Amino acid sequence: MAEERFTNIKEILDGQHTGKEIGIRGWVHRTRNIGKMVFLNVRDPTGVVQAMVSSDAVESFEEVKALLVESSVKLQGEVIEDKRAPGGFEIRVSDIEIVHAADVFPIQEDQSVEHLLENRHLWLRSTYMRDILTVRSTVFGAIHEYFRDNGYKEFQSPILTPLACEGGSTLFPVDYFDDEVYLAQSWQLYAEAAIFGLGNIYTIAPSFRAEKSRTSRHLTEYWHAEVEAPWLQFDELLELAEGMVCHVTKKVLEQDADEIKNLREGDIEYLEKVKPPFHRITYEEAISILQKSGMDVEYGADLGTPHERELTKIYDKPVFVTHYPKEIKAFYMKRAEDDSKVLGFDLLVPNVGELIGGSERETSIDSLEERLKEEDEDTSIYSWFLDTRRYGSVPHAGFGLGVERLVMWLCDLEHIRDAIPFPRTPSRYRP
RNA sequence: GCCGUCGUAGCUCAGUGGUAGAGCACUCGGCUGUUAACCGAGCGGUCACCGGUUCGAAUCCGGUCGACGGCGCCA
């Protein structure tokens, strides 16, 4: 190449270089071969532009003619505005360097879900995955930003842990020098110990669930955004969750408008309405609403997928469901004034269901021990955790959010596996 | 854990008892304005695996494996 200066393809498509001699580098997205002319659609992370290579303009014409899809190239030429070219602009190539002539690319137009998952490492090159992963990056950044701006410190807990947290059958066992430990499924119990020193804290960390959940909303390895704060009351907890979801949504709409429009087929009206306050209903109200709309549910049963779907259909925004009966929620949730209910909530959104689950935490050591025994947990393993209720126990609260579920909801994805680069599900751990 | 669908060429699929097929991809030939280019030719198979029924099985039966979809469980 005569000159080693390159521009982003998006700038060409925006008309910033029309009439000028420029260079680009990228990958061959598609080729069309007309004898003494070759059209290369060239992709970089910002877009796709057509390059026209004529036999009388380029010495290496025969090699260019033989290029296969996903070959990497550097090229330069004049940018011409031309309605015949896809995107309206074309580069008349004067010089081209073949960086690497690719083998036959395994992914073509017709693709099955399975084939794309087997070739996930190559499918990451698609516009679809690029758009999602761009949004995902913004989501992670926005979560950090929200908590830090609100005075929360980032705190890390161990991934290897002896704790079961919410029932032992859902953990991945790991051989720890002949002892059995588990991959963590939550940061929460360690966080409850940390708030006594640090105050308000949060994390974004991997969590692992060994449940064989065969649904479009479950991963065995997912990223878990969790928060824990001393003195925080139940209504403040809901506001914190609401604020975070709104902040992330706003940030994504600002920063990734193009990607979101691509992924949601232009439908961003719903996301633009995501502003406080969200709807708040109690479990009891939810049951009665569902019964009125003809669904078969009894008080005391946990809300199933069809029930959650029905509830999210009724409201134009995410909806909090609060005050569940204690029997269907985790041992660490604080009892409400009505002793049969807990100060816990789920935040439900369309297409995903439960996006966040959280609660005020039980502060009484006696209640905790009682609940652990009821669930046949070995209380000795929890003795360090119970210390948090022995030395200056305080009211506190927190929640956990599935980051992939948030991405799935924002991007309106059919399946959560597309919200993470290399998904892990009960039936897949490759590539 | 439960229910269901599927497995045939590199990819997407057709083929319901009688010699294994198509489109795309790839290779070769043609074409100076293509838009998932087009035209002609070629290459390409352990019909997932094991067993059974039958003169004969991709096809029917039993089992195994794998993937996908849904429920439950959860974030």
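Since this is a predicted model, take the numbers as computed values, not measurements. Throughout, protein chains are lettered first and strands after them, A, B, ... in sequence-line order, and every chain is numbered starting at 1.
A:Thr322 places a side-chain heavy atom less than 4.5 Å from the side chain of A:Phe234.
Residues from residues 303-315 of chain A placing a heavy atom under 4.0 Å of any atom in RNA chain B, listed by number, are A:Gly304, A:Thr305, A:Pro306, A:Arg309.
A straight line from CD1 of A:Ile107 to P of B:C11 spans 12 Å, rounded to a whole angstrom. The CZ-C1' distance, from A:Arg209 to B:C74, rounds to 6 Å in whole Å. At whole-Å resolution of the value, CZ in A:Phe105 and C1' in B:A36 are 16 Å apart. The CD-P distance, from A:Glu62 to B:U27, rounds to 13 Å in whole Å. Between the CG atom of A:Asp346 and the P atom of B:A75 there is a distance of 7 Å, given to the nearest Å. When the P atom of B:G7 is taken as reference, atom CD of A:Glu118 falls 17 Å away, rounded to whole Å. Between A:Asn33 atom CG and B:C28 atom C1' the separation is 13 Å, expressed in whole Å. To the nearest angstrom, P of B:U32 lies 18 Å from CG of A:Asp82.
Of the possible donor and acceptor atoms, one in the side chain of A:Arg209 sits under 3.5 Å from a partner among the backbone N and O of A:Gln185. The closest donor-acceptor contact from the side chain of A:Arg264 to the backbone of A:Leu410 lies under 3.5 Å.
Counting any heavy atom pair closer than 4.0 Å across all strands shown, A:Gln50 reaches a base atom. Contact annotation for A:Ile356: backbone-only contact, meaning every heavy-atom pair under 4.0 Å involves sugar-phosphate atoms and none involves a base. If you check every strand for non-hydrogen atoms under 4.0 Å, A:Ala225 touches nothing. Residue contacts for A:Asp56: at a heavy-atom cut-off of 4.0 Å it reaches a base atom on one of the strands shown. Among the atoms of the strands shown, base atoms are found under 4.0 Å from some heavy atom of A:Arg214. If you check every strand for non-hydrogen atoms under 4.0 Å, A:Gln108 touches a base. At the heavy-atom level, A:Glu414 lies nowhere under 4.0 Å from the strands shown. Among the atoms of the strands shown, none is found under 4.0 Å from any heavy atom of A:Asn41. Nucleic acid contact class of A:His29 (heavy atoms, under 4.0 Å, all strands): none. The residue A:Pro86 sits close to a base: some heavy atom pair falls under 4.0 Å. Counting any heavy atom pair closer than 4.0 Å across all strands shown, A:His115 reaches sugar-phosphate atoms only and no base atom.
A distance of about 36 Å separates the C1' atoms of B:G1 and B:A57, rounded to the whole Å. Taking atom P in both B:A9 and B:G72, one finds a spacing of 36 Å when rounded to whole Å. When the C1' atom is used for both B:A41 and B:C6, the distance is 35 Å, rounded to whole Å. Spacing between B:G63 and B:U5 at atom P, rounded to whole Å, works out to 14 Å. Taking atom C1' on both B:A48 and B:C43, the two are 24 Å apart, rounded to the nearest angstrom. Nucleotides B:U59 and B:G7, compared at atom P, are 11 Å apart to the nearest Å. Taking atom C1' on both B:C47 and B:A14, the two are 13 Å apart, rounded to the nearest angstrom. Taking the P atoms as reference points, B:G52 lies 22 Å from B:U46, given to the whole Å.
Residue A:Ser427 places at least one side-chain N or O under 4.0 Å from the OP1 or OP2 atom of B:C68. At B:G69, one or more side-chain N or O atoms of A:Arg417 fall inside 4.0 Å of OP1 or OP2 (strictly under the cut-off). The side chain of A:Arg32 places no N or O atom within less than 4.0 Å of a non-bridging phosphate oxygen (OP1 or OP2) of B:C31. When the side-chain nitrogen and oxygen atoms of A:Ser112 are compared with OP1 and OP2 of B:U12, one or more of them lie within a distance under 4.0 Å. One finds no side-chain N or O of A:Arg217 lying less than 4.0 angstrom from the OP1 or OP2 phosphate oxygen of B:G69.
Between the side chains of A:His218 and A:Glu211, no donor-acceptor pair is found at a separation under 3.5 Å. If you check the side chains of A:Ser359 and A:Arg361, you find a donor sitting under 3.5 Å from an acceptor.
In this structure, A:Phe278 and A:Phe320 have tilted ring planes: the angle between them lies in the 30° to 60° band.
For A:His224 and A:Tyr222, the ring centers sit closer than 6.0 Å to each other. If you look at A:Tyr299 and A:Tyr283, their ring centroids are closer than 6.0 Å. For an aromatic pair to be called close, the ring centres must be under 6.0 Å apart, and A:Tyr202 with A:His144 satisfies this.
In this structure, the aromatic ring of A:Tyr222 is positioned over the six-membered ring of the base of B:A75, centres within 5.5 Å and planes within 30°.
Residue side chain A:Glu90 reaches the base of B:G33 through a donor-acceptor N/O pair under 3.5 Å, judged by distance alone.
With a cut-off of 3.5 Å on both Watson-Crick or G-U wobble distances, the partner of B:C60 is given as B:G52. In this structure, B:C43 forms no base pair with any nucleotide, since neither Watson-Crick nor G-U wobble geometry is met with both distances under 3.5 Å. Pairing for B:U5 is with B:A67, a Watson-Crick or G-U wobble pair whose two hydrogen-bonding atom distances lie under 3.5 Å. Checking B:A22 for Watson-Crick or G-U wobble geometry (two distances, each under 3.5 Å) identifies B:U12 as its partner.
Annotation: of the two residues near RNA chain B, A:Leu67 and A:Thr31, the 5′-most nearest-nucleotide partner is A:Leu67.
Here the options are A:Asn33, A:Val38, A:Val53, A:Ile98, the test is side-chain contact (heavy atoms from CB on, under 4.5 Å), and the partner is A:Leu67; only A:Ile98 passes.
A:Leu13 and A:Val48 get closest at one heavy-atom pair: CD1-O, 3.5 Å.
The side chain of A:Leu117 lies closest to B:C68, out of B:G72, B:C68, B:C74.
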